[in-house]
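Quick notes on the structure that follows.
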2 protein chains.
Amino acid sequence: MSLAERILAGEIRAAARLMRDIDDNLPSSRDELRRLFTHTGKAFLIGITGPPGAGKSTLVDQVTATFRRRGKRVGIVAVDPTSPFTGGAILGDRIRMNRHADDDGVFIRSLATRGHLGGLSRSTADVANVMDAMGMDIVIIETVGVGQDEVDIVRLAHTTLVVMVPGMGDDIQAIKAGILEIGDLFVVNKADRDGADRTVRELSFMLEMNHYEESSWRPPVMKTEAQRGTGVEELVEMVESHHDWLKQSGEIDSLLRDKQGTLFQLLLKERLFAEVWGPLQKSGAYDELLDAILARTSDPYSAVDELLAKRLQS
Amino acid sequence: MSLAERILAGEIRAAARLMRDIDDNLPSSRDELRRLFTHTGKAFLIGITGPPGAGKSTLVDQVTATFRRRGKRVGIVAVDPTSPFTGGAILGDRIRMNRHADDDGVFIRSLATRGHLGGLSRSTADVANVMDAMGMDIVIIETVGVGQDEVDIVRLAHTTLVVMVPGMGDDIQAIKAGILEIGDLFVVNKADRDGADRTVRELSFMLEMNHYEESSWRPPVMKTEAQRGTGVEELVEMVESHHDWLKQSGEIDSLLRDKQGTLFQLLLKERLFAEVWGPLQKSGAYDELLDAILARTSDPYSAVDELLAKRLQS
């Protein structure tokens, strides 16, 4: 039996195995994903992002507990773009210590950047697809940070939560500007801290400047204390309201289209590069090319042009 | 006269113009960069990264002032991956208010992500090359965050400073793990705050676990209060020590090779994708393909395979 068939039959170990293969970027994993694809599209994907120190992991833990009480199965993809070299072991360990470890209705997978060639957003999408096909009702994608990788990653979700904490310092304006447009819901966590109400007011004010259409979704700003569970129930209800709004407004159609488009583009980018990069390195041509660039007899711009021209000829 | 010639003749306006063209990804900008390339390789590139709120901009300001007192010309590339939608206007404004605005020996350029196709690391490298060719002695690349984009960006520098602040919360372990290997120097800024010494000790402890070779550079952990300028002089001296070490140890050769390799790969990735993406969108094939994926009669994995196979045939 293929891994895909075993996964569809409910075998957890097969899912874990396929996720490892995805991480290692084995070509066989693409065949399995292809087989699983018709079984995707049922899960509701929630993206959770925000700067380091905002308490996202604790919040994910609480949100998961709330969905579990409602009888939903929850998959969690914990993406850690901050650990390009350690392979995410630290985040992985932290996650594994959480209280859902013995719950069959929760499946957790950590992902981390593996070096320079990227592919993290793509493997996140792949893993979310496996969880979807496994029958998880909810898939939570948690990611640290607010850079381009994170934007790609949250584009895979139906609903995106941006988590902030009171009083984050000078760069807060810059962060806010970037995240205002990716958040469907804003959460000021650690709301017992000084300045929580001010952060809520500032966020609300910046959101109001966005000039929403009559029919658009207006992102609410909510307060939580994830550590104690305060505000989590309300947060989950608001997430479900957003989901309802997506369906009623018909926005879900363009969102699903965007989601598939994102995955397609990520896959395409990765494959196109791999196709050229492999032979270039193996043949020694890459080394020669760098020698010429370092000697200033060539330059990176011409080297790429020449390579593309040569490919067209052959 | 070409823009490149005007830049080499010292015309600032021509440099600003070319940087705009780079931002807009005009093909003509590649020709200009090619012309400038033989004039690059003289500037010393310093990368400065770290989480939001660490006070990087103030530190860059102070480091710049210190280099100016030593008679060096300084270029600053302020990269803002947190503003994918606003085009970095906010960071740009903040930067423009700084005290070097009237100083001819300082040239500042802000860059921000423009949507999903990336290219930010590549345009950062391009802009740094222009500043290098303009005759800037020092080029500082400042970036917010610690994700994959930032790793790509700091790979462009000779010396990388990672800026932290005391007591940053739960995710600090995860951040540290990711940045330990990219920093040549660690700076605990806002060192007048509680917990500064503890953060210095923790960082030093984690660095010691790295088991450096006898001959390797051991990243120091330094304290600054950028707001008041405390510790900045010492920091700049340490940056220069690292530069000296790079040259004396011969490490600079592999570093320069990596730097050029990074730029080449970024360019290649971008061009390969653009080559396929443009026609795919224009012809309407992309829309058809998404229709099929959404109807589950195709899937993203097969769609990419088919596209690549078709390209091979034609």
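Each chain gets a letter, A, B and so on, in the order the sequences are listed, and its residues count up from 1.
- Across B:R35, B:R34, B:R30, a single residue satisfies side-chain hydrogen bond (donor to acceptor under 3.5 Å, both in side chains) together with B:E32, and that is B:R35.
- Residues A:N129 and A:L263 have side chains in contact (heavy-atom distance under 4.5 Å, counting atoms from C-beta outward).
- Most heavy-atom pairs under 4.5 Å with chain A: of the set B:L307, B:L256, B:D291, this distinction falls to B:D291.
- Separation of atoms CZ (A:F273) and CZ (B:F273) is listed at 14.5 Å; rounding is to 0.5 Å.
- Of the listed residues (B:R257, B:K259, B:E275), the one with the most heavy-atom contacts under 4.5 Å to chain A is B:R257.
- Looking at A:L294, the atoms closer than 4.5 Å to chain B (heavy atoms on both sides) all sit in the side chain, from C-beta outward.
- No other option in B:D305, B:L280, B:D31, B:T38 has as many heavy-atom pairs under 4.5 Å with chain A as B:D305.
- With values rounded to the nearest 0.5 angstrom, B:L266 atom CG is found 7.0 Å from B:L156 atom CG.
- Atom CG of A:L267 and atom OG of A:S121 lie 11.0 Å apart (nearest 0.5 Å).
- With values rounded to the nearest 0.5 angstrom, A:E225 atom CD is found 11.0 Å from A:R193 atom CZ.
- Counting heavy-atom pairs under 4.5 Å between each of A:L308, A:D253, A:V276 and chain B puts A:L308 at the top.
- For B:D258, no part lies under 4.5 angstrom from a heavy atom of chain A.
- Contact annotation for B:T297: neither backbone nor side-chain heavy atoms come within less than 4.5 Å of a heavy atom of chain A.
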